[in-house]
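Excluded from the calculations below are hydrogen atoms, water molecules and symmetry mates; all remaining heavy atoms, backbone and side chain alike, are included.
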Amino acid sequence: MSRPTLKDIAEATGYSVSTVSRALADSAQISERTRHRIHEVSRRLGYQADPIGSLLRTPRPRVIGLLCVLGQELHVVYRDHLLAEAESRNLRVVTESIGPFRTAVDAVSNLRQLRCQALVVIDPATAAGADPGLLDGAVVIGQERGIPGADLVTSDNTRGMDQLVAHLASLGHRRLVYVDSVPGASAAARLRSFTRAADHAGISYRVVAGGADIDAGLAAVAPLLGEGGPLSPGAADRHTGVVCYNDQCAQGAIIAILRAGLRPGTDISVAGVDNSRLASSSAFDLTSIDRCPGQVARLAVDLAEARIESGTSSGPLQTLTVDTSLVARSSTGPAPQ
């Protein structure tokens, strides 16, 4: 059975296709009685609107394009908050995720073809290689603007990291390991915040190469737990806590600690960044720094909506900053004596 069309509704009601289209869009040009009749018939026939066709036909569609990497949990969290915030303002969001089989070039081009009037880019590196002309009027969520002419919403690591280091110091930790990520603006910003906070608190530390996923955390921490390693219980200059670039990396660190027969939060404290869903799970109960993604998303939609309403990608660039804060859980505890 073929899918019902506007023409089918028009034939069933006796109205023109244009009248049916306006009525289904709840246009004030169509009387309430007529709108009610057309909606009733469309439901009976099982009509479903074509959202893509609707976007292409609408003079001012109020559409935000979202460019992200849904393989990263923080991007998923931002996406969920952005969708909810946009929906509350009658804005549509079209999402494109970059991955092994989807490049930024294709993704950004597709978003513009779908008439997205503003773009939100989570991490400017996500848009690498895309046509700069198609990125006009973008709003970036990240640690740096990275895209000429883009507005920026950034999380300031300072407050959250200060609180985390002070928390560990209050628990008696004097030597820490910091698991870094691959080079980039976000990694550099988090490392700067950690080293500044640790230096201020008089805590010594060792920085090791890591990454942004579980395997990276596991690979970085496992060798440090072996005999003579800085995290091993018998080490002369034993380091009693691990601070990781993000929560996924910290989860890998926890697995390495468990495999070594040690207890996270008791034998070795572990903390991450992002306050992800897994961090708050009872399985990990991970101390983490909350980046306030709901507030970040609200500000990003504010800026994107302003771009849409002004109808221009030009104007003074905006930089909005959101503070971070510590959420302490059982993965951190008193330093072992």
Side-chain angles (χ1 to χ4, degrees), residues 68-85 97 122-123 141-143 153-171 173 176-181 186-187 189-190 193-194 197 210-218 220-221 240-259 262-300 322-334:
C68 59
V69 181
L70 294 179
Q72 296 184 28
E73 187 183 348
L74 184 60
H75 286 219
V76 175
V77 174
Y78 279 139
R79 188 275 312 268
D80 290 349
H81 283 289
L82 284 160
L83 285 173
E85 187 67 37
S97 177
I122 303 177
D123 186 351
I141 295 174
Q143 289 300 309
V153 183
T154 185
S155 296
D156 186 349
N157 296 284
T158 305
R159 181 167 173 251
M161 195 65 78
D162 284 349
Q163 291 175 346
L164 172 57
V165 172
H167 167 69
L168 292 170
S170 73
L171 293 170
H173 296 276
L176 301 174
V177 169
Y178 182 84
V179 182
D180 200 4
S181 187
S186 180
R190 294 187 193 188
S193 294
F194 170 77
D213 58 28
I214 292 176
D215 287 342
L218 176 65
V221 171
T240 56
V242 180
V243 176
C244 296
Y245 166 75
N246 69 2
D247 290 344
Q248 290 170 292
C249 179
Q251 287 151 19
I254 286 175
I255 293 170
I257 291 166
L258 290 170
R259 287 183 179 179
L262 301 171
R263 296 164 297 173
T266 300
D267 298 312
I268 301 173
S269 287
V270 182
V273 177
D274 292 341
N275 194 32
S276 64
R277 291 164 182 165
L278 282 175
S280 63
S281 71
S282 57
F284 287 96
D285 202 36
L286 177 67
T287 292
S288 186
I289 295 173
D290 189 354
R291 304 189 70 77
C292 302
Q295 190 175 349
V296 170
R298 178 178 59 78
L299 293 176
V322 175
D323 269 338
T324 54
S325 60
L326 177 68
V327 180
R329 299 189 177 95
S330 65
S331 68
T332 51

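- Scored by the side chain to side chain donor-acceptor pair (under 3.5 Å) test, Asp323 finds no partners at all (sequence neighbours excluded).
- Ser269 meets the side chain to side chain donor-acceptor pair (under 3.5 Å) test with His173; sequence neighbours excluded.
- With sequence neighbours excluded, the residues forming a side-chain contact (heavy atoms from CB on, under 4.5 Å) with Arg263 are Thr266, Asp267, listed by chain and number.
- Among residues two or more places apart in sequence or in another chain, the salt bridge (Lys or Arg N to Asp or Glu O under 4.0 Å) test is passed with Arg259 by none.
- Between the side chain of Asp156 and the backbone N or O of Val322, no donor-acceptor pair lies under 3.5 Å.
- Applying the side chain to side chain donor-acceptor pair (under 3.5 Å) criterion to Arg159, with sequence neighbours excluded, gives no partner residue.
- Tyr78 pairs by the ring-ring contact (aromatic ring centres under 6.0 Å, His included) definition with nothing, not counting sequence neighbours.
- For His81, the side-chain contact (heavy atoms from CB on, under 4.5 Å) partners at least two apart in sequence or on another chain are Val77, Pro293, Ala297.
- Identified under the salt bridge (Lys or Arg N to Asp or Glu O under 4.0 Å) test for residues 240-254, with sequence neighbours left out: none.
- Annotation: side-chain contact (heavy atoms from CB on, under 4.5 Å) contacts of Ser186 (sequence neighbours excluded): Gln143, Arg190, Tyr245.
- Residues passing the side chain to side chain donor-acceptor pair (under 3.5 Å) test with Ser331: none are found, sequence neighbours excluded.
- Residues passing the salt bridge (Lys or Arg N to Asp or Glu O under 4.0 Å) test with Asp162 are Arg196, sequence neighbours excluded.
- Every side-chain contact (heavy atoms from CB on, under 4.5 Å) that Val327 has, sequence neighbours left out, goes to Asn275, Asp290, Arg329.
- In this structure, Asp274 contributes its side chain and Ser276 its backbone to no donor-acceptor pair below 3.5 Å.
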